[in-house]
Amino acid sequence: MPIEEQLKAERVEVLSGVTVGELADKLGVAGAALVKKLFEMGEMATVQQSLSDETVEIVCEDLGVAVHFLTEEELEFGVEEPEEADKLEARPPVVTVMGHVDHGKTLLLDAIRSTDVISGEAGGITQHIGAYQITKDGRVITFIDTPGHEAFTAMRARGAQVTDVAILVVAANDGVMPQTREAISHAKAAEVPIVVAINKIDVEGADPVKVKTQLTEHDVVAEDFGGDVPMVEVSAKTKQGLEDLLEVVLLQADLLELQANPNKSARGRVVEAHLDRGRGPVATLLVQGGTLKRGDILVAGTADGKIRAMFDEDGNQVQEATPSRPVQVIGLNEVPEAGDEFRVVDAERFARDVAERRSARERRKELADRRPTTLEEFTSAVQAGDKATLNVIIKADVSGSAEALEDALLKLELDEVQVRVVSKGVGAITQGDARLAEASDAIIVAFNVRPGANAREEIDRSGVDVRTYSIIYEAIEDIERAVKGLLAPEFREEVIGEVEVREVFKVPRAGFVFGCMVTRGEVRREAGVRVIREGVVIAEDKMSSLRRFKDDVREVREGFECGIGLEKFQDVKVGDVFEAYETVEVERV
């Protein structure tokens with residue numbers, strides 16, 4: 001029987017890489033008949049052989065059958081039908097704040113929210129994404145604050161993909177900078193309208209006309225220059241122009257006629273995620289459609305679970321979240337990736353199956369069995385002219401930082417060097433990470449996390465190179481010097497000892513003193529201190545006092561007890577670890 005007479009489908013849905021046998025089943029024809037049809041078209045194939053998308057399109061077109069290539073998500077959840085107009089309701093705009101580092105994005109949000117987000121960030125630079133809601137004239141606006149350093153290109157790109165309006169912050173005294181240009185590119189790629197906030201209008205040297213002229217060179221033309229981009233002069237410090245800025249944002253939202261269906265199962269994006277002591281994985285979700293409710297079962301990337309609790313940006317518990325609302329949720333079985341799409345499903349078993357299939361796909365990585373390498377050894381190989389691959393394992397306190405590090409490191413590839421990220425994850429460095437680094441000849445790049453006790457033993461045994469950082473661009477610059485064969489810093493931090501907090505004492509008029517045991521190395525009075533809880537760095541400080549019994553001392557060695565006071569950080573708990581470090585001069589090689 002000719003293949004045309006066997007056909008039982010007018011439209012087929014297939015994954016890329018479909019085999020001849022699978023396509024035959026979809027078409028309702030015998031596998032041998034489809035092999036023969038392909039042969040007649042000049043394509044030699046067996047029933048088990050995968051076909052290119054182009055070949056599938058050609059054979060289906062010849063047979064008069066429409067074909068749709070499914071994404072993995074469509075395969076798991078089915079193809080969504082278009083929303084019915086009568087079910088759509090108006091929703092708040094989602095606004096992403098973009099711009100160059102140190103141009104005042106977070107301070108601008110601080111002024112709008114009258115809060116102090118920036119004080120907890122290392123070096124005054126935003127390290128993680130935050131999502132917040134504010135109300136203006138009875139209308140809600142959702143803000144996403146994205147880090148401004150070039151290392152966070154991936155974060156800003158993701159922000160642009162979920163946003164409706166982009167606020168581009170440009171300092172009036174500084175003008176257009178490299179990250180300003182990147183932000184413009186992301187906003188244009190996402191096809192979102194731009195509102196320019198010309199910030200720091202109150203400082204000396206402010207020149208808004210110069211800023212507008214520079215922006216014109218990048219096809220961002222102000223309305224008073226004959227263009228269509230609204231530009232508002234503001235000062236985050238004095239709050240000048242903030243009301244005008246919010247009014248312009250709401251006007252842009254009105255023009256977009258933003259709508260969503262709140263009466264269906266929720267879906268949206270993971271804005272940020274981290275591992276929290278006591279609560280487990282915590283994810284910040286932005287609802288894009290439907291209504292997310294406490295008790296919902298959801299799958300987000302390779303994570304799944306049932307929502308045990310939801311919180312707004314102020315830490316208050318909420319029972320549900322409608323479109324455009326950001327919430328923190330707990331109840332997932334692992335930390336999802338920032339940027340993952342989340343969906344609410346009907347059954348926990350189905351969510352677990354989807355997450356497990358995704359995890360299995362991610363685990364298919366081949367590892368080379370070589371001895372560990374260090375950055376210095378890698379540098380020597382580059383200088384000797386050898387073709388080299390630098391394998392890296394990334395661990396960070398939150399997934400957005402891990403993603404940003406990966407994105408930045410992969411961009412460092414040169415003709416003679418390839419950077420390969422073997423693995424990335426959230427939380428303390430584990431024994432498994434150390435073993436993976438040893439097996440794959442990788443270095444571990446750690447951002448705001450430290451090894452656990454078992455991991456440290458494994459690292460000491462194997463000689464795996466672990467690099468720890470608290471500001472991402474320092475990590476990138478360090479690796480970049482190695483990639484280019486230039487790693488020879490004049491100064492380097494050296495961990496000299498660790499102490500475990502055994503008791504906490506309240507001393508009148510002096511604050512807190514922490515009873516400690518030096519478990520490794522030694523601590524010296526002038527050393528810097530990092531406070532580590534569950535393998536994650538929660539604070540950096542200096543000692544205000546170091547005592548043995550009632551005597552002030554300059555140092556305490558391993559195996560001895562001591563009392564330590566910190567200058568600023570006081571929220572220390574029994575079981576926390578103090579990591580003492582010094583900056584030492586390193587001879588150039």
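The structure presented is a predicted model; accordingly, all values stated were derived computationally and were not measured.
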Report yes or no: does Thr142 contribute a side-chain atom to a donor-acceptor pair with the main-chain N or O of Ser324 at less than 3.5 Å?
yes

Quick check on side chain to side chain contact (heavy atoms under 4.5 Å, CB included): which of Leu286, Val94, Leu292, Asp312 does Arg325 satisfy it with?
Asp312

For Lys136, does the NZ atom sit with more than 12 other heavy atoms under 6.0 Å from it, leaving out its own atoms?
yes

With a 4.0 Å cut-off on N to O distance, would you call Arg456 and Asp460 a salt bridge?
no

Should Ile167 and Val249 count as side-chain neighbours, where that means a heavy-atom distance under 4.5 Å?
yes

Any side-chain donor paired with an acceptor under 3.5 Å for Glu334 and Thr302?
yes

Is there side-chain contact between Tyr581 and Val529, with heavy atoms separated by less than 4.5 Å?
no

State whether the number of non-hydrogen atoms from other residues, nucleotides or ligands found under 6.0 Å of Glu526 atom CD is greater than 12.
yes

Could you give me the CA-CA distance, side-chain angles and deciding distance for Tyr469 and Leu405, then say whether side chain to side chain contact (heavy atoms under 4.5 Å, CB included) is met?
CA-CA 11 Å; Tyr469 305 93; Leu405 263 173; over 6 Å; no

If you look only at pairs with a residue in residues 271-326, which of them pass as a ring-ring contact (aromatic ring centres under 6.0 Å, His included), with sequence neighbours excluded?
none

Check for a donor-acceptor pair, side chain of Gln570 on one end and backbone N or O of Phe512 on the other, with a separation under 3.5 Å.
yes

Rounded to the nearest 0.5 Å, what separates atom CD1 in Ile471 from atom OG in Ser401?
11.5 Å

With a 4.5 Å limit on heavy-atom distance, are the side chains of Cys562 and Leu546 in contact?
yes

Please confirm whether the backbone N or O of Glu458 pairs with a side-chain atom of Gln431, one donor and one acceptor, at under 3.5 Å?
no

Side-chain touch Val329/Val282, heavy atoms, less than 4.5 angstrom
no

Show, in sequence, the C-alpha distance, side-chain angles and deciding distance for Arg349 and Glu356, and conclude whether the salt bridge (charged side-chain N to carboxylate O under 4.0 Å, His left out) test is met.
CA-CA 10 Å; Arg349 180 69 254 179; Glu356 287 175 355; 3.7 Å; yes

Would a distance-only check, ignoring hydrogens and angles, find a side-chain to backbone donor-acceptor pair under 3.5 Å from Thr583 to Glu493?
no

Under 4.0 Å between a Lys/Arg side-chain N and an Asp/Glu carboxylate O for Arg467 and Glu474?
no

If we only count heavy atoms from C-beta on, is the Asn263 to Thr291 side-chain gap below 4.5 Å?
no

Evaluate the side chain to side chain contact (heavy atoms under 4.5 Å, CB included) criterion for residues Ile538 and Asp397: first the C-alpha distance (whole Å), next the side-chain angles of each, then the deciding distance (0.1 Å), finally the verdict.
CA-CA 10 Å; Ile538 61 172; Asp397 54 345; over 6 Å; no

Would you mind reporting whether Leu298 and Val345 have side-chain heavy atoms less than 4.5 Å apart?
no

Flag the pair Arg269 and Asp340 as a salt bridge only when some basic side-chain nitrogen lies within less than 4.0 angstrom of an acidic carboxylate oxygen.
no

Leu409 vs Ile394 side-chain heavy atoms within contact, under 4.5 Å:
yes

List the atom of Pro336, the atom of Ser399, and the distance in Å for their closest heavy-atom pair.
O-OG, 3.4 Å

Rounded distance [0.5 Å steps], CZ in Arg352 versus CD1 in Ile297
9.0 Å

Interatomic distance, Ile443 atom CD1 to Asp478 atom CG [nearest 0.5 angstrom]
8.0 Å

Applying salt bridge (charged side-chain N to carboxylate O under 4.0 Å, His left out) to Glu341 and Arg267, what does each step give before you reach the verdict?
CA-CA 7 Å; Glu341 182 174 53; Arg267 63 181 298 181; 2.4 Å; yes

Got a second to check how far Arg308's CZ is from Ile330's CD1, nearest 0.5 Å?
4.5 Å

Verdict with reasoning, Arg450 to Val537, per side chain to side chain contact (heavy atoms under 4.5 Å, CB included):
CA-CA 7 Å; Arg450 293 295 184 275; Val537 179; 3.5 Å; yes

Presence of salt bridge, Glu579 and Arg520, under 4.0 angstrom:
no

Determine yes or no for a side-chain-to-main-chain donor-acceptor pair under 3.5 angstrom, with Glu503 supplying the side chain and Val513 the backbone.
no

Hey, is the main chain of Thr96 close enough, under 3.5 Å, to the side chain of Thr163 for a donor-acceptor pair?
yes

Arg502 and Glu500 ion-paired at < 4.0 Å:
yes

Whether Arg524 and Glu582 form a salt bridge (side-chain N of Lys/Arg under 4.0 Å from carboxylate O of Asp/Glu) is what I want to check.
yes

In sequence, state the C-alpha distance, the side-chain angles, and the governing distance for Glu567 and Ser544, and then conclude on side-chain hydrogen bond (donor to acceptor under 3.5 Å, both in side chains).
CA-CA 5 Å; Glu567 289 186 358; Ser544 60; over 6 Å; no

Going through the distances and angles, do Val97 and Leu109 end up as a side chain to side chain contact (heavy atoms under 4.5 Å, CB included)?
CA-CA 8 Å; Val97 184; Leu109 272 174; 4.2 Å; yes

Greater than 12 external heavy atoms within 6.0 Å of Phe560's CZ
no

Testing Arg420, Lys424, Lys395 one by one against Glu406 for a salt bridge (Lys or Arg N to Asp or Glu O under 4.0 Å), which residue passes?
Lys424

Whether over 12 other heavy atoms sit under 6.0 Å from Asp346 CG:
no

Would you give the length of the straight line joining atom CG of Asp541 to atom CZ of Arg530, rounded to the nearest 0.5 angstrom?
12.0 Å

Using atom types as modelled and distance alone, determine if a side-chain donor or acceptor of Glu561 lies under 3.5 Å from a backbone N or O of Cys516.
no

So, does Thr468 use its side chain to make a donor-acceptor pair with the main chain of Ala446 at under 3.5 Å?
no

Answer yes when Glu89 and Arg91 have at least one side-chain N-carboxylate O distance shorter than 4.0 Å, and no when they do not.
no

For Ala166 against Val192, the heavy-atom pair lying closest together
CB-CG2, 4.0 Å

Does atom NZ of Lys568 have more than 12 heavy-atom neighbours, drawn from other residues, nucleotides or ligands, at distances under 6.0 Å?
no

Do Leu108 and Leu245 make a side-chain contact, defined as non-hydrogen atoms from C-beta onward lying under 4.5 Å apart?
yes

Using only atom types and a distance under 3.5 Å, with no angle test, would you say the side chain of Gln252 pairs donor to acceptor with the backbone of Val165?
no

What heavy-atom pair brings Ala197 and Val234 nearest, and what distance separates the two atoms?
CB-CG2, 4.1 Å

Salt bridge or not for Arg533 and Asp576, using N-O below 4.0 Å?
yes

Going by an N to O cut-off under 4.0 Å, is there a salt bridge joining Arg435 and Glu438?
no

Tell me the closest heavy-atom pair linking Ile496 and Val523, and the distance in Å.
CD1-CA, 4.5 Å

Within this structure, what is the CG-CE distance for the pair Asp296 and Met310, rounded to the nearest 0.5 Å?
7.5 Å

How would you list, by chain and number, every residue that makes a salt bridge (Lys or Arg N to Asp or Glu O under 4.0 Å) with Glu494, sequence neighbours excluded?
none

